[in-house]
Structures are given as C-alpha cells and as structure tokens.
Amino acid sequence: ALANLLRNVEQECRRRYLKKCSKTHGYILDVANVELLEAVVASSNSSIECDVAFDAMCLYPRVGKLFRGVACLVFELGVLLEISGVMKVFVPYENGHFVEGGNHVAYDFDAENQLFLSRDGAKRIAMHASHGVKISGMAFNTETKSFNCYGELA
C-alpha cells in the first residue's frame, strides 16, 4: 500500500509540475527523487494531504545564456525557436539582418520556402532546423505563466 501511495504521489507531482513555469524556478523539465515528507488524512473529507519534496531539473532564461532551439516559425519578422519543448525565443530580422554572435549578418527571406538564406550562401534558417540562440532580453508574463524571450543567433 505504501509503494502504491509513493507511486501515486510521484505521478501527481509529474502531472502538476512537469513543463510548468514559474518566475522563480523557470520551466520544470523533469521531476526526480520525490520524497513523501508527511501524509495526513483530512478529517473533513477523508482525502490524503501530502507534503512532498523533489528535485526539479529547470530551464531558466537569463540574459546572455546560450541555448539550442528548433525553428518552429520562420516568417518575415524573424524566427521563433523552441527550447526543450517548453520555451520559445524570438530572434528578430531587422533591416535585412540577423544579429549573430554580436555581428549583423545579412540574410534574405524566401517567403515561398519559409526560410532565410545568408547573402553569402553559407547559412540557412529553415523550419525544424536546430540553431544556437543567446538570450538578449526576457520578461515573465504573469497572465500566461511563461517567459517572453528574444535573442540573437549564436
């Protein structure tokens, strides 16, 4: 019975916290080492109230931090990269350039194929391709409980 309770507590922790985001901890990517600290039967409805502790692997965006993401939207204003399936970072395309490694690199947008091609032909940014990104700015959105991030190519 105790093993079932522990398994159920771990499943409930995963259901409640996995891929959720908070301003304090960022996005929770994984839950591990769930420990039941206390379990009390509520007198009012006979439900079990549990205090638990667990380790969480978190993704927290910080200005200057590097990530690897997959292009989930490529359009005339820039590229939206998805990081670890939970966070999106917008990389703006301005005046024919992306900021890449601190430099302005010229790209052309191909609307028909939904991709950007560097003017020297050496680089391309297309849907579902993986790219490095450096966070340039971020803010926590209390309404959506997620971070709004923008960055530059890295």
Side-chain angles (χ1 to χ4, degrees), residues 1-94 97-105 107 109 114-116 123-154:
L2 182 59
N4 284 342
L5 176 62
L6 292 174
R7 187 172 47 253
N8 289 340
V9 167
E10 183 170 347
Q11 287 173 348
E12 184 62 18
C13 282
R14 289 183 170 284
R15 188 189 69 75
R16 283 189 185 201
Y17 300 111
L18 207 58
K19 296 196 176 186
K20 299 294 193 283
C21 182
S22 73
K23 187 175 184 176
T24 307
H25 302 291
Y27 297 89
I28 296 179
L29 301 178
D30 196 12
V31 171
N33 302 321
V34 177
E35 184 180 340
L36 181 60
L37 301 176
E38 184 177 15
V40 178
V41 177
S43 57
S44 60
N45 60 10
S46 298
S47 65
I48 299 174
E49 295 175 4
C50 299
D51 285 334
V52 299
F54 60 88
D55 294 327
M57 186 172 95
C58 299
L59 182 153
Y60 195 93
R62 291 190 191 344
V63 171
K65 195 163 184 180
L66 298 172
F67 292 100
R68 190 125 198 105
V70 175
C72 61
L73 182 62
V74 177
F75 63 120
E76 61 275 353
L77 297 177
V79 179
L80 198 61
L81 298 173
E82 186 176 70
I83 315 296
S84 298
V86 293
M87 182 177 79
K88 293 184 174 64
V89 179
F90 176 64
V91 180
Y93 176 66
E94 298 177 301
H97 295 85
F98 280 106
V99 176
E100 190 171 331
N103 301 312
H104 291 270
V105 179
Y107 279 81
F109 179 59
Q114 273 190 300
L115 63 87
F116 287 95
K123 300 175 186 171
R124 74 188 274 139
I125 302 168
M127 289 290 292
H128 312 294
S130 177
H131 300 281
V133 64
K134 180 179 176 182
I135 304 294
S136 303
M138 50 156 262
F140 186 74
N141 185 325
T142 54
E143 206 170 285
T144 62
K145 300 228 182 320
S146 64
F147 283 93
N148 295 332
C149 299
Y150 64 93
E152 64 182 56
L153 296 174

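In this chain, numbering begins with 1 at the start of the sequence shown.
- Between the OG atom in Ser146 and the CE atom in Met87 there is a gap of 10.5 Å [rounded to 0.5 Å].
- Across all their heavy atoms, Met127 and Val74 have their closest contact at SD-N, 3.6 Å.
- Counting only heavy atoms from C-beta outward, the side chains of Ile125 and Leu153 approach each other to under 4.5 Å.
- Side chains of Ile83 and Tyr27 form no contact here, defined as non-hydrogen atoms less than 4.5 Å apart.
- Annotation: the span from Lys20 atom NZ to Leu29 atom CG amounts to 13.0 Å, rounded to 0.5 Å.
- Ring geometry for Phe75 against Phe90 counts as tilted: the plane angle lies between 30° and 60°, on a 0 to 90° scale.
- Contact annotation: the side chain of His104 approaches that of Val99 to within less than 4.5 Å [non-hydrogen atoms, C-beta and beyond].
- Considering every non-hydrogen atom in both Ile135 and Phe67, the closest pair reads CG1-CE1, 3.7 Å.
- A pairwise comparison of heavy atoms in Ala154 and Leu66 identifies CB-CD2, 3.7 Å as the closest pair.
- More than 12 non-hydrogen atoms from other residues, nucleotides or ligands lie less than 6.0 angstrom from CG of Leu73.
- Expressed to the nearest 0.5 Å, how far CD of Glu49 lies from CD of Glu38 amounts to 9.5 Å.
- Interatomic distance, Leu59 CG to Ser84 OG, rounded to the nearest 0.5 Å: 5.0 Å.
- Between Glu12 and Arg15 there is a salt bridge, with a side-chain nitrogen of the basic residue lying less than 4.0 Å from a carboxylate oxygen of the acidic one.
- Between the side chain of Asn103 and the backbone N or O of Val105 there is no donor-acceptor pair closer than 3.5 Å.
- Here the NE2-SG distance, from His128 to Cys72, works out to 9.0 Å after rounding to the nearest 0.5 Å.
- Shown here for Pro61 and Phe147, the closest heavy-atom pair between the two residues is CG-CG, 3.6 Å.
- For Phe54, the ring-ring contact (aromatic ring centres under 6.0 Å, His included) criterion is met by Tyr17, not counting sequence neighbours.
- In this structure the side chain of His131 never reaches within 4.5 angstrom of the side chain of Val79, judged on heavy atoms.
- From Ile28, atom CD1 reaches atom CZ of Arg14 across 11.0 Å, with rounding to the nearest 0.5 Å.
- Relative ring orientation between Tyr107 and Phe116 is described as perpendicular, the plane-to-plane angle rising above 60° on a 0-90° scale split at 30° and 60°.
- Minimum interatomic distance between Lys145 and Cys21 (heavy atoms only, all atoms of both residues): O-CB, 3.2 Å.
- When every heavy atom of Glu152 is checked against every heavy atom of Gly102, the shortest pair comes out as OE2-N, 3.0 Å.
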